[in-house]
Amino acid sequence: MTWPLRGQYAIVGIGETALGKLPGRSTLSLHLEAIKAALDDCGLTIKDIDGLLTNQPIQDAMRSYAVVVATASGLAPDYATDLANGGATPVAMAQHAAMAIAAGLCNTVVCVHARNQATRSQLPERAEVRDGNEDFDEPYGFLGAVANHALMASRHMALYGTTSAQLGAIAVAARRHAMVTPNATSKKPLTIEDHQASRFIVEPLRLFDCSLVSDGGGAFIVTTAERARDLPLPPVYILGMGQHHPHSNLAQAREVATLGGAISSKTAYRLAGLGPNDMDFAQIYDCFTSNTLITLEDYGFCPKGEGGAWVQGGRIELGGELPVNTHGGLLSQAHVEGMLHVTEAVKQLRGLEPAERQVLGAEVGIVSGHGGVGALHASLILGRHAS
Amino acid sequence: MEDGGVEPYLKPVPKVEPEAAPYWQSLRDHAMKVQHCDSCGHWYFPPSTHCPACLSADVTWRPVSGRAVVWSSATMHRAYLPAYEGEIPYNLSLVELDEGPRVWTNVVEIPPDQVRIGLNVRVRYDDVTPGLTLARFIPAAGQ
């Protein structure tokens, strides 16, 4: 049976702020810039909005951030909340927006996330976002997000023979895509040799396996398919969605060479009535190259353990079999915790990008979000057509 | 230090929550304990008042053998804190105790690049401050 919500809701507007180092910009200011850009994109005003979803900005934690942003936007929403799925939050926002509209709570929801990690960040003497296990890993020198992710990469390498040079292909693809993406912040050409020559941060992960630290934000607007059809730009329909959250820490993870995406994507494929072969592109959360690799396998694009070989030879680049992170991703565009993976998927499905960065004939794509240490996962299948 | 005789310890120290106090005390005693569920038999870590396998509160602290196997491992090359500047590169590991639970640790006494997944290790207690003992691991005898 077809999922009753399939194609009933659409993303109609997207906004991206300036990206990079933005000294003096507050997180609230970046949220407002993103919202304004998304409204302007689709010709709506704040008066057309009745729902708002935010993610707590990690530098400025406050109570009920969604309402802070709503008030600052001149909005008294009928539905608003902060979601806390880490880097999976923007993908989860699209899901919650559709659910809230389906439940009758509201009609048009702004989903927004911004951060000023680059200029406000303090190196993690203590992690800024606690996951409850710091007392047990920090005393052993597990500092920074790279440490636990490196343990995930190590395990994939040990179980399947994946190599650092194979991971390099993911960094190179991201950089090539960033080079043709106007607002990407890292555009210097990057080769496998550059990747292999870059220093280890936490071995086996090198500098170019790690994502950027950025200021910036993005927003998207979800409404009903009916309303979407009255707006000027092509709607991008929500065709499937899924979540799975396998653990909160690596001590209690069943496995880390396979993550929540294995189950989350199955749910999304089932609801959409589609499979990996139907996807024209994939926007995969790439906090580290190893995470992209694990997720591509988990999403069924290749068998588990074969991702290292599979990503070679331009397969995941524009023009290849499955373009991945066509905006350059967290690795080379900017790190706004996956918000720009969603907006990029919308751009590709509108089909209005310049030829050098448009996935030709893109009809359906999948977006992943990943939070914590492989702890949280959300998937979203978007399409150009409602049915 | 007041008497000027001891270098301050500048690395992260745990906040000892009441639920985890028996764990840290067991390291102080050089006799590691972790929790065991007396309802379903599950051993687990990190500490919790309720068993993560069956949600029973019928849990007790029990000594473990101190034997473990490396479950995953990496080498830290960046000194996130000045206190680590003289220590990089150093090993980061998750080891699986013979009883089942995994703990974060450092495998020491061998070069970091020789720590392999599957390596058999045993606990070494390091008294790093008068109040804090860490459980590091070393290759088991005969390796």
Side-chain angles (χ1 to χ4, degrees), chain A residues 121-128 130-162 164 198-207 209-210 246-257 288 290 373-374, chain B residues 9-17 19-20 23-24 27 44-48 52-53 70-84 87-97 101-108 112-113 115-118 126 128-129 132-137:
Chain A
S121 170
Q122 323 244 314
L123 283 177
E125 293 192 14
R126 302 288 286 188
E128 288 166 321
R130 316 291 291 170
D131 63 19
N133 304 294
E134 291 79 5
D135 288 333
F136 304 105
D137 67 4
E138 289 184 351
Y140 297 96
F142 284 73
L143 299 169
V146 198
N148 275 297
H149 280 86
L151 293 184
M152 295 157 62
S154 285
R155 211 163 150 81
H156 197 279
M157 289 176 168
L159 290 176
Y160 304 116
T162 308
S164 169
S198 70
R199 67 182 185 276
F200 285 120
I201 305 298
V202 186
E203 191 175 350
L205 296 179
R206 299 174 183 277
L207 175 66
D209 292 307
C210 300
H247 56 252
S248 75
N249 63 75
L250 297 195
Q252 291 176 294
R254 286 183 60 196
E255 183 46 78
V256 292
F288 301 97
S290 46
V373 287
Chain B
Y9 186 76
L10 297 174
K11 293 172 184 166
V13 297
K15 183 177 177 214
V16 178
E17 301 288 356
E19 290 170 14
Y23 173 71
W24 294 110
L27 301 191
Y44 64 91
F45 186 86
S48 175
V70 175
W71 188 79
S72 194
S73 190
T75 304
M76 176 63 90
H77 287 265
R78 179 174 169 182
Y80 280 87
L81 293 175
Y84 288 100
E87 302 212 3
I88 52 172
Y90 61 89
N91 171 264
L92 302 171
S93 286
L94 267 166
V95 301
E96 198 158 274
L97 303 174
R102 267 175 238 145
V103 297
W104 291 270
T105 189
N106 312 116
V107 174
V108 294
D113 62 3
V115 180
R116 298 269 183 266
I117 290 174
D126 287 356
V128 299
T129 75
L132 176 64
T133 299
L134 296 179
R136 295 201 165 95
F137 283 77

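Residue numbers begin at 1 in each chain, while the letters A, B, ... track the order of the sequences. The shown structure was predicted, so the numbers you read here are calculated from the model rather than taken from an experiment.
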(request) Report yes if the side chains of A:V202 and B:R78 come closer than 4.5 Å at any heavy-atom pair, otherwise no. (result)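 A side-chain contact under 4.5 Å is absent here.
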
Going by the rule ring-ring contact (aromatic ring centres under 6.0 Å, His included), which residues pair with A:H156 if we only count those two or more places apart in sequence or in a different chain?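 Listed in chain order: A:Y160.
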
Notebook entry, point to check: If you count heavy-atom pairs under 4.5 Å between each of A:E203, A:R199, A:M152 and chain B, which one has the most?
Noted result: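 It is A:E203.
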
- Between A:L205, A:V256, A:I201, which has the largest tally of heavy atom pairs under 4.5 Å with chain B?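 Maximum pair count with chain B is reached by A:I201.
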
Heavy-atom proximity to chain A below 4.5 Å, by part of [X]:
| X | answer |
| --- | --- |
| B:Y84 | side chain |
| B:E17 | side chain |
| B:W71 | both |
| B:A20 | side chain |
| B:Y23 | side chain |
| B:P52 | side chain |

Closest approach of B:P47 and B:F45, non-hydrogen atoms and distance?
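For B:P47 and B:F45, the tightest heavy-atom pair comes out as CD-CE1, 3.8 Å.
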
Which of B:P89, B:A79, B:A135, B:P112 touches chain A most, by non-hydrogen pairs under 4.5 Å:
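Highest number of heavy-atom pairs under 4.5 Å: B:A135.
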
Count the heavy-atom pairs under 4.5 Å between each of B:N106, B:D113, B:V95 and chain A, then report the option with the highest count.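 Answer, by heavy-atom pair count under 4.5 Å with chain A: B:N106.
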
- Query: Checking side chain to side chain donor-acceptor pair (under 3.5 Å) for the pair B:S73/B:N91: CA distance, chi angles, key distance, verdict?
  - Reply: CA-CA 7 Å; B:S73 190; B:N91 171 264; 2.8 Å; yes

Worksheet item: Say you draw a straight line from CG of B:L92 to OH of A:Y140; how long is it, rounded to the nearest 0.5 Å?
Response: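 One finds 12.0 Å between CG of B:L92 and OH of A:Y140.
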
- Message: My understanding is that only one of A:L151, A:D137, A:N148 makes a side chain to side chain contact (heavy atoms under 4.5 Å, CB included) with A:V373; could you say which?
- Response: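 Among the candidates, only A:N148 passes.
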
### Query
Is B:Y90 reaching over with its side chain to a backbone N or O of A:G141, donor-acceptor style, under 3.5 angstrom?
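Judged by distance alone, yes, a pair lies under 3.5 Å.
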
